[in-house]
Each structure stands twice: as C-alpha cells, then as structure tokens.
Amino acid sequence: MSISTTPSFGHAVPARPMLAQRGIDYTLAVPDGARRALARGWLWLALLALIGSGLFSVLLVLSRTPGLNQFLAVADFFHVALVVHVDLSVLVWFIAIAGLLWSVNSSPRGIAWGWSALWLCAAGAALMALAAFIGRGDAIMANYIPVLDGPLFIAGLLVFAAGVGVLVLRSLLTAPQLGLAFDGSGALRFGLNAGVVSAAVALLAFAWSFIALPTSLVGKAYYEILFWGGGHALQFTWTLLMLVAWLWLTQACGARVPLSPRVTLLMFLLALACVFVTPLAYVAHDVASVEHRALLTWAMRFGGGVSIVPLSLAVVFALHSAPRADAQAQPLRAALLSSVLLFAAGGVIGLFISGSNVRIPAHYHGCIVGVTLALMGLVYHLLPQLGYRAPSGALATWQPRLYGAGQLMHIVGLVWSGGYGVQRKVAGAEQVLRSGAEVAGMGLMGLGGLVAIIGGLLFVLVVIRALRQPALRAATACP
C-alpha cells in the first residue's frame, strides 16, 4: 500500500487500489478514538438543534394555518418563531453535521480545538434560542440568517460564529493530503475539503461585508447586505455536503455509481470554482450595489446546476439498476430518493419565481429539505460506525418518506398560493387570503408542514433509540 507524497495541506492518506470487479468504493471509514468521540459530540448538537427547531416549527405552522392561527398572537410570534426555527434547522443543524463529517475526515491533531469549536457552537445556539423568550428584540427577516435584533441573540450569533471559525480553521489545517491518484474515497474527501474551503470563503465574506457596510444602514437593510455574500457561499457548502452524502448513500444502498472518481472530482471542482466568484464580487462591486447581488446570485445558480444535475442523474440511474435493498439499507434508500426528489422540486420551482411571494420559500424549502434528507440518511448510515445500533425496520424506513411527503405538500401549497400572489414572511390577517383557492393552498401548506414536523420528530426518535444502545451491544447485534 503506497502513501501519496504530493504536496497538499493536511496529513497523508493511504491510496487504496480500485478493484474493477467490485466497482468504485465511494465510502469513508470512521476512525476510532478521539476523532470518533468528537464526531459523536457534533451529532448530539445536530439532534438538539432539530429538537429545538421542531418545537418552534409547531407553533410556526399553526400561525399560518387558516382557522388555527386566530388562537395565536400571530404577527409578533410568527416572526420570532420563524427566526429561531430557520437558524436552528438550517444554520446550526448543517454546521453540526459538517462538524461531524469534517471530524471524520481530519487527522488526530488539534482535537482540543475541535472540542472548543463544538462547545462554542453549542453555547451560541443556546443563547440564540433563549433570546426568543428573554429580551428578544425585533425580528429581522433577512435572507440566509434571520436575526432577533437584541443583545442576547446577537451575542449568541457571535459566539456561534467564533465556534464555526475555529471548526473551519482546524478542518483546513488537519484535512487529508490527497495527491493525484484518486479512488472513490479520495473523491469524497475532496468534496469534504471543498466544503471547508467554501465555509472559509463564507466567513471571509461576512467579515468583508461588516467592514464595508455603510454606517447609515440600519434594520433589515443592514442585515440583508451583511449576510448576502457569506450566505451565498454557505449554499455551496451545504450543496457539497449533500453531493458527498448522495454518493456515500448510493454506495451504502448496494448500488454502483456510474461515475469515475475523476469525473466526480471534476463536479466538486466546478462547484468549488464558483465559490471564488464571491471575493471577485467584493473586489469588483460595492457590497450595497445591485451588481454585487446579481453576480453572487449568478454564481450560485451556475455552480450548483452544473454539478448537481449530472450527479443526481447518476444517482437515480444507479438506484434504478441496483438490487433490492436489505433491511438495513432500506432507510438509506428512502432518504436518498426523497432527497433527490425534494431538491429537484425546489430547483424547478426556482425557475418560475417572479416577484416576492410564497413561491420563494417553496423553492428554498425544497432545496434545503433535499440537503436535510441526504444528511439524515447519512446519519443513519454512520450510526453503527460511531458505535451505535443501525436504524432499521418500518419506522426508520417510513421516516424520510413521511418527512419528504410532508415537505412536498408544504411547498406545493406555497406554490399554489404564490400563483395568487400570497406574500411571503407574513401570517394571519397579514396574508390577505381573498379566495377559497388561496385558503386551500395555504391549508395544504399547513397540513404538509404538520406532516413534515411529525417526520422530523420521528428522525430524532429513531436516532435517540439508536444512541441509547451501547457500542458493544451495537457491534454484537450484527451477524
């Protein structure tokens, strides 16, 4: 077994020969010891974020469901709940899973820094959630990172950002050395490394916007521009994590991905290249200009589509040609198919957006839920390697289907209502539902949201049941 010596950042990873008769191995092994313990810590943060998000989403969906929203103090609570729900279910959940995967992909060096990053992120998330009830401030519905404009929430967001900064720095310094001879695992490691680089660019963009912002801006205009550039770069991070999860899960389902590692690497490289349009936008245009926003939006659309379409088609083809999944692989297959379907739905909806209505959150929900389902499936797959019992059975298989079906109903209801001009980020009487069709569309949205909440809570239940199994028992339970 040879060791690559090509200069790169990080430590050396043994180059494994590809066996043609077995196909390409798109998998990574979870290391034992300190790195596995750190990965387990990030998993717990991810679960706590979903639990908190689920609690807020119950009241959030009720606040927009006709007939039920009249019992809530809608206008104020809706926006407060929306801020915390989005930040926990997207920002904290995705960063926690990224921390898990980057810990698996790292060397053993700097473990103390890894734990520091985890505790900073956990403390920041707790402060942001607590701010909804204590001195919460005005709810600012900025894109990518909505905020409560109060000292407690802002302090929590800054602590969380510090944790992300430590996580990204450690992940850059301890990333594996890949060389030029790639197998399937090398391609996955490149995708994870690309996600780290994308996150680093996002942090740079947030700092650049903070420094360059006009001092006259306040309120939503301030936060909208502050988070626009970094928020776009973070979308590449989430997308790269999703693509890694798709390939990994396809292999775990017993399917053979019909792409060589070099083609896969090229797809990752195209997505990563578009990330570097972000600093170009800052150099070329003022952060508050229309040109700055347009260039970042173009980069996200082009970079995402070029990489996602061929990889998604390869995954669907591989699953179609694969043998029937066994009991342990059925939840993984359900999560993978649901992820591809929801992300595709969100992408298609994005092509038909015009104006500011609820089609925008329909597009956003479809894409974000597609990422979430892929990461849920990957968590199921990694549980045995983390020392827990593998989820199996009807509950684990139906969970991603239920969650995906609920979210599909949710976004169909939003698209339906958006066709009648129902505005986004409003609730109750502010929605101005003038016809039965508008009420029906928002009612479908509410029903789908409740079904999705049940599916999300089932994921937490399935994972917690697996976490309660001791590592030795999980290991001996397998034949």
Side-chain angles (χ1 to χ4, degrees), residues 86 90-91 94 140-147 161 164-165 168 191 193-243 266-311 343 346-357 359-364 366-368 370-371 424-425:
V86 170
V90 179
L91 185 64
F94 285 171
I140 307 294
M141 308 312 300
N143 283 300
Y144 297 119
I145 306 179
V147 299
V164 175
V168 169
N193 291 348
V196 178
V197 173
S198 176
V201 172
L203 292 175
L204 175 65
F206 288 135
W208 199 328
S209 293
F210 177 77
I211 295 171
L213 268 173
T215 57
S216 59
L217 290 177
V218 295
K220 183 176 181 180
Y222 175 84
Y223 289 108
E224 188 75 16
I225 297 174
L226 176 64
F227 296 137
W228 187 260
H232 271 71
L234 278 180
Q235 305 315 300
F236 286 99
T237 303
W238 313 149
T239 299
L240 286 162
L241 294 178
M242 179 188 71
L243 295 179
L266 176 62
M267 297 297 103
F268 288 143
L269 193 60
L270 286 173
L272 180 61
C274 290
V275 173
F276 291 101
V277 174
T278 302
L280 175 62
Y282 280 86
V283 172
H285 304 291
D286 183 83
V287 295
S289 67
V290 174
E291 292 81 5
H292 177 84
R293 295 171 64 94
L295 182 56
L296 291 171
T297 302
W298 172 86
M300 186 174 66
R301 288 178 176 174
F302 177 79
V306 168
S307 303
I308 294 169
V309 172
L311 280 176
F343 198 94
V348 171
I349 292 169
L351 299 176
F352 298 96
I353 290 176
S354 61
S356 178
N357 55 55
R359 285 182 178 175
I360 296 175
H363 156 69
Y364 178 78
C367 294
I368 288 297
V371 177
R424 60 188 299 225
K425 299 181 180 179

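At distances below 3.5 Å, not a single donor-acceptor pair connects side-chain atoms of Ser209 with backbone N or O atoms of Phe206. Put simply, the side chain of Ser307 gets close to the backbone of Met267: a donor and an acceptor are under 3.5 Å apart. Formation of a donor-acceptor pair under 3.5 Å by the Thr237 side chain with backbone atoms of Ala199 is found in this model.
Residues Gly346 and Cys367 approach most closely at C-SG, 3.8 Å, considering heavy atoms. A pairwise comparison of heavy atoms in Gly229 and Leu296 identifies CA-CD1, 3.5 Å as the closest pair. For the residue pair His285 and Ser289, the shortest heavy atom distance occurs at CB-OG, 3.5 Å. Residues Ala194 and Leu272 share a closest heavy-atom pair of O-CD1, 3.7 Å. Heavy atoms only, all atoms of each residue included: Leu240 and Ala271 are closest at CD2-CB, 4.0 Å. Minimum heavy-atom separation, Ile225 to Val287: CG2-O, 3.4 Å.
Considering CG of Leu91 and CH2 of Trp238, their distance stands at 6.0 Å, rounded to 0.5 Å. Residue Thr278 holds its OG1 atom at 6.5 Å from CZ of Phe236, rounded to the nearest 0.5 Å. We find the CZ-NE2 distance between Arg293 and His232 to be 8.0 Å, quoted to the nearest 0.5 Å. With rounding to the nearest 0.5 angstrom, the CG atom of Leu226 is 11.0 Å from the CD1 atom of Ile211. With rounding to the nearest 0.5 angstrom, the CG atom of Leu234 is 7.0 Å from the CG atom of Leu203. To the nearest 0.5 angstrom, Ile368 atom CD1 is 9.5 Å from Met242 atom CE.
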Verdict with supporting geometry, Phe94 and Leu241, side-chain contact (heavy atoms from CB on, under 4.5 Å):
CA-CA 9 Å; Phe94 285 171; Leu241 294 178; 5.6 Å; no
Derivation of the side-chain contact (heavy atoms from CB on, under 4.5 Å) call for Val168 and Val196
CA-CA 6 Å; Val168 169; Val196 178; 4.2 Å; yes
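Taking the six-membered ring where tryptophan is involved, the planes of Tyr223 and Phe227 are essentially parallel, since the angle between them stays under 30° and well short of 60°.
Partners of Tyr282 by ring pair (Phe, Tyr, Trp, His ring centres under 6.0 Å), not counting sequence neighbours, listed by chain and number: Trp208, His292.
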